[in-house]
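Single-structure report; data block below.
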Amino acid sequence: EGDKSMVGFAEVVLDASLEDSVADDFMSYSRKRHNEFYQKDFGGILRDEHQYNNHCYIWRAVHDIGVPGFDHREFMVKAVWKRIDEECIICSYEPLAAWDKDFPILSANDAVRASSWALMTFRKLDAVGGIPQTKMTWVTHLDLSGVVPISAVNKILPARLGSLDRVRLLFDKSALIDSNSRAAIIA
């Protein structure tokens, strides 16, 4: 209670190739992700993205953190991905302390600037039943810039980490893996 910083950690194994897993995460400026931002329980008010190149973009998001009397929180984050080797790709999400002069959107005047960083690590695993596997690890830090009630914190952080379950379900091929395993036993 009373701590303004939150840290989260989550891991999930995806039934997808290393590259498909990273592409899904990094394409957060897609129309699908834009719609999810407003439809899910994340308090999404406004979201803008500016892509610099295929490896880097900046996003700005304004959230209603769900606490009566609290201003909305504005986050501005620089996202970069890099292939470390054939088995590992990372995505880094770093808060921008200063407004980027090349970002084509003005800062929100009625929101408090908050910060968030995350490191996503994607590691290629051995295929299971002929289906590629990738281990996705997410470490995140969230500072809402103020003392926020623990009830709000307990709602915000699990919702952020819950997005890994969304990705797991998106790539879920459990039925196919099971049928391949059964076919191998019968043969």
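Positions are given from 1, in the same order as the sequence printed here. Below, all heavy atoms of this structure are taken into account, side chains as well, without hydrogens, waters or symmetry copies. Computed from a predicted model, the values in this text were never measured in an experiment.
Rounding to the nearest 0.5 Å places CE of Met120 at 9.5 Å from OG of Ser21. Between the OH atom in Tyr57 and the NZ atom in Lys78 there is a gap of 13.0 Å [rounded to 0.5 Å]. One distance of note links OG of Ser116 with NE2 of His63; it measures 8.5 Å at 0.5 Å rounding. Taken to the nearest 0.5 Å, the OG atom of Ser92 stands 6.0 Å off from the CG atom of Leu119. Residue Leu170 holds its CG atom at 11.0 Å from CG of Asp165, rounded to the nearest 0.5 Å. The CG atom of Asp71 lies 11.5 Å from the OG atom of Ser145; values are rounded to the nearest 0.5 Å.
Applying the 4.5 Å side-chain rule to ILVMFWY residues, one finds Ile131, Leu176, Ile177 in the same cluster as Val128.
At distances below 3.5 Å, at least one donor-acceptor pair connects side-chain atoms of Arg73 with backbone N or O atoms of Leu144. Of the possible donor and acceptor atoms, none in the side chain of Thr121 sits under 3.5 Å from a partner among the backbone N and O of Ile90. A distance-only check finds no donor-acceptor pair linking the side chain of Trp81 to the backbone of Asp25 [under 3.5 Å]. Using modelled atom types, no side-chain atom of Ser17 and backbone atom of Pro132 make a donor-acceptor pair closer than 3.5 Å.
Looking at Val13 and Thr134, their side chains never come closer than 4.5 Å, going by heavy atoms from C-beta outward. Residues Lys135 and Glu11 meet the side-chain proximity criterion, which asks for heavy atoms closer than 4.5 Å. Counting only heavy atoms from C-beta outward, the side chains of Met136 and Leu164 approach each other to under 4.5 Å. Side-chain contact between Leu14 and Arg168 is present, with heavy atoms from C-beta onward closer than 4.5 Å.
The two residues Glu86 and Leu18 come nearest to each other via the heavy atoms O-CD2, 3.6 Å. In plain terms, the two heavy atoms of Glu87 and Asp85 that are nearest each other are N-OD1, 2.8 Å.
Val80 and Ile84 fall into different hydrophobic clusters, where Ile, Leu, Val, Met, Phe, Trp and Tyr side chains are chained together by heavy-atom contacts under 4.5 Å. Under a hydrophobic clustering in which Ile, Leu, Val, Met, Phe, Trp and Tyr are joined whenever their side-chain heavy atoms come within less than 4.5 Å, directly or via other members, Val167 and Val12 fall into the same cluster.
A salt bridge links Asp24 with Arg166: the closest approach of a Lys/Arg side-chain nitrogen to an acidic carboxylate oxygen falls below 4.0 angstrom. Ion pairing of Arg60 with Glu74 is present here, as a side-chain N (NZ or NE/NH1/NH2) and a carboxylate O approach within less than 4.0 Å.
Shown here are the salt bridge (Lys or Arg N to Asp or Glu O under 4.0 Å) partners of Glu19, two or more places apart in sequence or in another chain: Arg83.
For the residue pair Gln133 / Asp126, no side-chain donor-acceptor distance below 3.5 Å is found, with atom types taken as modelled.
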key: Steps toward side-chain contact (heavy atoms from CB on, under 4.5 Å) verdict (Val77, Ile58)   = CA-CA 6 Å; Val77 176; Ile58 289 178; over 6 Å; no
request  = Start with the C-alpha distance between Cys91 and Val22, add both sets of side-chain angles, then the distance that settles side-chain contact (heavy atoms from CB on, under 4.5 Å), and finish with yes or no.
outcome  = CA-CA 8 Å; Cys91 296; Val22 173; 3.9 Å; yes
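Classified by interplanar angle (parallel below 30°, tilted 30° to 60°, perpendicular above 60°), the ring pair His141/Trp117 is parallel.
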